[in-house]
Amino acid sequence: MTAERFSSTPRGRRARRGFFDRAAPGLARALLGATVTVRSGDGAVRSVRIVEVEAYVRGDPASHAYRGPTRRNRSMFSRPGTLYVYRIHQVVCANLVARRGEAVLLRAGAAEGVPPREASGPGRLCRFLGITIADDGTDVVDGGRVELRLPPVARRSIRTGPRVGIRKAVDRPLRFALADEPAVSRPRLRA
DNA sequence: GAAAAGATTACCT
DNA sequence: GGTAATCTTTTCC
């Protein structure tokens with residue numbers, strides 16, 4: 001079983017800096033349907049189409065950036081398009097930095113021929129793509145091993161709801177997902 | 001230096 | 001539905 005077997009061909013144009021440089025909720029919606037591709041050292045490539053995300057914004061007590069830069073979260077204050085990867089319990093989770101201090105958590109992805117569960121949830125998504133803590137701080141705009149592509153897909157309906165696993169600002173509707181995607185984690189979201 | 005908390009997951013009833 | 005696993009970062013003394 002090879003990694004290539006599960007990869008899908010990246011399509012569309014590569015996202016540029018300006019795509020990321022905006023408030024996180026707008027970036028979150030724009031990321032739905034985009035493709036994340038990770039190239040490993042041995043040449044293996046894995047991609048997923050993003051189907052579920054969460055936005056973390058300025059003044060947001062649930063955000064890792066709320067209390068200012070620390071050793072862990074410093075990537076959140078880096079350039080738009082930077083990857084912010086952090087460890088939680090036994091897994092890692094990946095965010096894409098929006099305007100400085102804001103970020104979008106990648107919660108679920110889908111890939112051809114892959115059971116939806118494989119990339120459902122932020123930890124499983126990173127495990128499937130091979131993203132590790134070493135990828136923290138990577139720039140996805142400027143030619144790293146992680147890149148983001150924006151396929152010219154038709155606009156699809158987006159569902160919204162509260163974020164998962166947080167203790168503060170629990171009611172803010174900053175979770176976004178594509179409708180009718182099996183990989184989207186529970187609880188279900190409304191239109 | 002110690003303790004608590006955590007943007008999770010898997011497995012339990 | 002609930003909870004334990006398990007470990008790093010942050011915070012507090």
Side-chain angles (χ1 to χ4, degrees), chain A residues 6 20 22-32 34 36 38 46 48-111 114-138 140 146 148 158-178 181-190:
Chain A
F6 294 115
F20 297 97
R22 52 175 142 172
L27 176 63
R29 289 173 172 274
L31 284 172
L32 292 174
V36 184
V38 179
R46 281 196 173 185
V48 296
R49 195 166 41 82
I50 300 170
V51 300
E52 180 187 356
V53 294
E54 285 176 357
Y56 289 86
V57 301
R58 292 175 184 168
D60 177 1
S63 171
H64 288 174
Y66 186 56
R67 298 177 192 282
T70 65
R71 186 205 204 94
R72 176 179 67 163
N73 69 14
R74 66 186 189 88
S75 294
M76 278 192 74
F77 298 90
S78 190
R79 311 168 78 185
T82 297
L83 202 59
Y84 165 46
V85 182
Y86 68 92
R87 177 181 287 275
I88 178 75
H89 296 271
Q90 304 317 108
V91 302
V92 297
C93 301
N95 299 248
L96 287 166
V97 176
R99 62 182 182 183
R100 288 176 191 264
E102 301 197 1
V104 177
L105 172 68
L106 306 181
R107 282 201 59 89
V114 176
R117 176 183 174 78
E118 287 293 308
S120 178
R124 283 189 290 262
L125 173 64
C126 285
R127 187 179 63 183
F128 176 76
L129 287 175
I131 290 174
T132 72
I133 198 69
D135 292 304
D136 181 45
T138 296
V140 307
V146 182
L148 185 80
I158 295 175
R159 296 178 185 274
T160 65
R163 294 173 292 185
V164 176
I166 56 173
R167 301 290 300 269
K168 298 167 183 169
V170 294
D171 292 331
R172 300 188 67 171
L174 292 176
R175 178 173 170 231
F176 306 94
L178 292 176
E181 287 286 349
V184 174
S185 59
R186 298 183 318 171
R188 290 291 169 209
L189 299 173
R190 317 187 74 166

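In what follows, chains are A, B, ... by sequence order, proteins preceding strands, each numbered from 1. The shown structure was predicted, so the numbers you read here are calculated from the model rather than taken from an experiment.
Using a 4.0 Å heavy-atom criterion, one finds that A:Ile166 contacts the sugar-phosphate atoms exclusively. At the heavy-atom level, A:Arg117 lies under 4.0 Å from the strands shown only through sugar-phosphate atoms. Using a 4.0 Å heavy-atom criterion, one finds that A:Arg163 contacts no nucleic acid atom at all.
Partners of A:Thr138 under the side chain to side chain donor-acceptor pair (under 3.5 Å) rule, at least two apart in sequence or in another chain, do not exist in this structure. Residues passing the side-chain contact (heavy atoms from CB on, under 4.5 Å) test with A:Pro182 are A:Pro116, sequence neighbours excluded.
Here the side chain of A:Glu54 pairs a donor or acceptor atom with the backbone of A:Val164 at under 3.5 angstrom. Checked by atom type and distance alone, the side chain of A:Arg46 pairs as donor or acceptor with a backbone atom of A:Phe128 at under 3.5 Å. A:Arg163 places no side-chain N or O within 3.5 Å of a backbone atom of A:Arg175 that could act as its donor or acceptor partner. Not one N or O on the side chain of A:Asp136 forms a donor-acceptor pair closer than 3.5 Å with the backbone of A:Ile133. Judged by distance alone, the side chain of A:Arg124 and the main-chain N or O of A:Arg117 form a donor-acceptor pair under 3.5 Å. Judged by distance alone, the side chain of A:Arg58 and the main-chain N or O of A:Glu102 form no donor-acceptor pair under 3.5 Å. Judged purely by atom type and a 3.5 angstrom limit, A:Asn95 has no side-chain atom pairing as donor or acceptor with the backbone of A:Val97.
Judged by closest nucleotide on DNA chain B, A:Arg87 is the one of A:Arg87 and A:Gly121 placed further toward the 5' end. Annotation: of the two residues near DNA chain B, A:Ala103 and A:Arg124, the 5′-most nearest-nucleotide partner is A:Ala103.
Under a cut-off of 6.0 angstrom, the local environment of CZ in A:Arg99 is crowded, with over 12 non-hydrogen atoms contributed by other residues, nucleotides or ligands.
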Set out, line by line, the N/O atom pairs under 3.5 Å between protein and nucleotides 11-13 of chain C.
none

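In this model, the phosphate group of C:dA5 is not approached by any side-chain N or O of A:Gln90 to a distance below 4.0 Å at OP1 or OP2.
Taking atom P in both B:dA4 and C:dA4, one finds a spacing of 16 Å when rounded to whole Å.
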Run the numbers on A:Arg79 and A:Arg100 for side chain to side chain contact (heavy atoms under 4.5 Å, CB included), then give the verdict.
-> CA-CA 6 Å; A:Arg79 311 168 78 185; A:Arg100 288 176 191 264; 3.8 Å; yes

Let me see the working for A:Arg49 and A:Val51 under side chain to side chain contact (heavy atoms under 4.5 Å, CB included), right down to the final yes or no.
-> CA-CA 6 Å; A:Arg49 195 166 41 82; A:Val51 300; 4.0 Å; yes

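Taking every nucleotide of DNA chain B with any atom under 4.0 Å from a non-hydrogen atom of chain A, the first and last of them, 5' to 3', are B:dG6 to B:dA10.
In this structure, A:Ile88 atom CD1 and C:dT9 atom P are separated by 12 Å, rounded to whole Å. One atom, CG of A:Asn73, and another, P of C:dT10, lie 7 Å apart when rounded to the nearest Å.
Of the residues in residues 93-101 of chain A, A:Cys93, A:Asn95 come within less than 4.0 Å of DNA chain B through at least one heavy atom, sorted by number.
Side-chain contact between A:Tyr84 and A:Asn73: present, with at least one pair of heavy atoms (C-beta onward) separated by less than 4.5 Å. Using a 4.5 Å cut-off on side-chain heavy atoms (C-beta onward), A:Arg159 and A:Val184 make no contact.
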Under a 3.5 Å cutoff on both atom distances, Watson-Crick or G-U, what's the dot-bracket for DNA chain B ([ ] crossing, | other strand)?
-> ||||||.|||||.

